[in-house]
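Heads up, the thing below is written out as structure tokens.
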Amino acid sequence: MKYVNVVIDNNTDHTDNLYTYSCADDNVRVGSKVTVPFAMGNRIKEAYVIQTADQLTEEIKGLKAVDAVDPEISLSEEAVATCIWMKRQYLCRYIDAIKCFTPAGTSSKRGKIRTPYKDATGESSGGKALTPEQKNAVESIRPVIAAGEHNVFLIHGVTGSGKTEIYMKVIEECIGRGRTAIMMVPEISLTPQTIDRFIGRFGTEQIAVLHSKLSLGERYDEWMRIRRGEVKIVIGARSAIFAPLENIGTIVLDEEHETTYKSDMTPKYDAVEVAIRRAKKNHAVVLLGSATPSLVSSYKAEQGEYHKILLKERYNGTPLPDVEIVDMREELKQGNRSIFSVSLYEEIKKNLAEKRQVILFLNRRGYSTFVSCRSCGYVMKCKECGISLTYHKSRNEAVCHFCGHSEKVPVLCPDCGGKYIKHFGTGTEKVEEMTREIFPDYNIDRLDLDTTTKKGSIDKILNSFRKGKTNILIGTQLVAKGLDFSNVGLVGIISADITLNVPDFRSAERTFQLITQAAGRAGRGDRRGRVLIQTYHPDHYAILAAKDHDYDTFYQSESLLRRQLGYPPFSDLMQVVLSAEKEKDALELCRQIAEEFIRGVGEEERRYVLGPQAAPMNKIKGLYRYQLLIKCFPGKRKAYTKVLNNIRLKISTDRNAKYLISVDVNPYSFL
DNA sequence: AGCACGCCGACT
DNA sequence: GTCGGCGTGCTC
């Protein structure tokens, strides 16, 4: 007879505990899926085994027996350990974490033959010689794998430096040693080339591709294939980090800086952190690849926590594009009020005449307008937080979405005294319209969230661009992500200021990343490309560094600021959002939470609790939202999460509560 | 969440 | 007396 501690598959905080059962089946192990009788009616519930024991340490009143052990589905011990870690790390329930590791659907039965990746043509197997840089990179990783040690490598390689080839070589090395690998990409639909290359190299039999288009049945089958050990490599987006592989040797996260690796649904996990956690347990290496590593990763590399590998040269030797900054204040002075500067207009014309393609990039986060002076470029910023103030039309005030501070919009610019101080914003639709007006004889297409859902597929737009049918492609950040087209002569960044003025402490980092990534789309063939950045901030450090392809300078400036203001990577930010039907209730309870938190962690921590303040998206689905932001400095994580979790539990298990509470550790958006 | 226990008002 | 309201507490 064995005894097991299980987590019941109940969608509630009330039963987020371990329950002890006896179990007659000796096959039961940590990670087993079981069915158990639960509560008064002894209703049969699904449950997962977290611990096992041969003896009971204490008498348990009303001990029941496990009903059955599921012969098919089980988690590895490492997966269970990671679930326990996730519960602590992200303040979620056991079952939320477990659900990440289990297949959603049930078997599709039928016994039909699946086609793992239908569209895959499979690029003919590599064999291309490595550049010296690539070779060095692989050689510095190989011994770590050979020794079976854990390590994290941050591969900082310029756009087009051939990171994928390094990933494949390292994975090949792992497979050769009988181990497995996870290859993570930020968005599966935007990386068909990468997948093709992997399939071409390793073949479909030992690869599983997890993506959102799979039906529940297909997903289940794919999960079983992996769990049975038939698959050596799993490729996928965020959720693929939970692939039920054992003996993992390598986990690759391509474009590690991408925000898609952070989940915004419960559990609000960060796939980069989960990857490192799983890799540690598996004695595996992690490869974080990016042309623009996140500040957090670079900081960890600097601290010696990660091992940094630099790739300075592009694979085909084409030099990085020539980047020019266009000062839009000058354009205005010249009387040009259109969204196109003279230089950009001329440059587009020239490229079209030379039959080269043009990408126009604009990250229109439409709702968020900012307040700026058109003559001198002054932008209203919060004195406390150093981030841009957002214009609120109803209140006619500029508000800090971080600390809640607000002020009237001045009539005259406090910097230059000019009267052109206004809030404004332009979207991609407007850019498309105006481009059509100016260049009526060319094929113009748009790639953003609206067009990709409306027209059905990203593929259609990308294919027509790839074939050269589209002359000008206008888009949001989607166009900046990993498109590899050789005939792009020009990338025009319509307004770098849009991302720069987003009310978020990461706005400079994102701007630098977006410009660098967008610029990387230019000149990937044999001819050098050109990039034009239009901005009212030609002197901003993020823009200047992006122009010079100078990551180090950007990193130095930005980390200095972060250190001064106590933002990540020097702290963890914890966001607590409280929603209620009445605005007063939301504010009041948020205030109480702040006090309770401070009581829990000590009065001296009060200065690290910001708020309460109305959340930037003040009202969602009829509920008013107020938030707290807590800066959690090193060494305090455990104490903070403990107190916060108790508060969260108290509110979420209160039955007459008309409140919703959500906690997000290091959110990627503060909306 | 779901379900029982239990302590008050309205009813055959 | 006793039927049923929903506030409170527990589920191995």
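Chain letters run A, B, ... following the sequence lines, proteins first and then strands; every chain starts at 1. For clarity, every value in this text was computed on a predicted model and none was experimentally measured.
- Checked by atom type and distance alone, the side chain of A/Arg179 pairs as donor or acceptor with a backbone atom of A/Ile248 at under 3.5 Å.
- The residue A/Phe38 sits close to a base: some heavy atom pair falls under 4.0 Å.
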Validation: residues 236-245 of chain A side-chain donor-acceptor distances under 3.5 Å, sequence neighbours left out:
from     : atom 1 : to       : atom 2 : distance (Å)
A/Arg238 : NH1    : A/Thr260 : O      : 2.9
A/Arg238 : NH1    : A/Lys262 : O      : 3.1

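- The residues A/Glu218 and A/Arg225 are annotated as not salt-bridged, no charged nitrogen and carboxylate oxygen being separated by less than 4.0 angstrom.
- Using a 4.0 Å heavy-atom criterion, one finds that A/Gly41 contacts no nucleic acid atom at all.
- At whole-Å resolution of the value, CG in A/Leu18 and C1' in C/dC12 are 10 Å apart.
- From A/Leu478, atom CG reaches atom CD1 of A/Ile458 across 6.0 Å, with rounding to the nearest 0.5 Å.
- A perpendicular orientation is assigned to the rings of A/Phe38 and A/Tyr19, their planes being inclined by more than 60° (bins at 30° and 60°).
- The OG atom of A/Ser669 lies 7.0 Å from the CG atom of A/Asp504; values are rounded to the nearest 0.5 Å.
- The CG-P distance, from A/Asn10 to C/dC10, rounds to 17 Å in whole Å.
- Take A/Phe198 and apply the ring-ring contact (aromatic ring centres under 6.0 Å, His included) test, not counting sequence neighbours, and it matches A/Phe202.
- The CG-P distance, from A/Asp16 to C/dC10, rounds to 17 Å in whole Å.
- In this structure, CD1 of A/Ile44 is placed 14 Å from C1' of C/dT11, rounded to the nearest angstrom.
- Salt-bridge annotation for A/Arg29 and A/Glu77: absent, with no side-chain N of the basic residue lying under 4.0 Å from a carboxylate O of the acidic one.
- The CE atom of A/Met183 lies 8.5 Å from the CG atom of A/Leu253; values are rounded to the nearest 0.5 Å.
- Taking atom CG of A/Asp67 as the reference point, atom C1' of C/dC12 lies 15 Å away to the nearest angstrom.
- In this structure, A/Asp13 atom CG and C/dC10 atom C1' are separated by 16 Å, rounded to whole Å.
- Remark: A/Val28 engages A/Lys2, A/Val4, A/Cys23, A/Ser32, A/Val34, A/Val49, A/Val69 in a side chain to side chain contact (heavy atoms under 4.5 Å, CB included) (not counting sequence neighbours).
- OP1 or OP2 of C/dC12 lies within a sub-4.0 Å distance of a side-chain N or O belonging to A/Tyr21.
- Near DNA chain B, meaning a heavy atom under 4.0 Å from it, residues 643-658 of chain A has A/Arg655 in order of number.
- Scanning DNA chain B 5' to 3' for nucleotides with an atom closer than 4.0 angstrom to a non-hydrogen atom of chain A gives a first and last hit of B/dA1 to B/dA4.
- Side-chain N or O atoms of A/Asp16 include one that pairs as donor or acceptor with a backbone N or O of A/Tyr94 at under 3.5 Å.
- Residues from residues 54-61 of chain A that place a heavy atom under 4.0 Å from any atom of DNA chain B: there are none.
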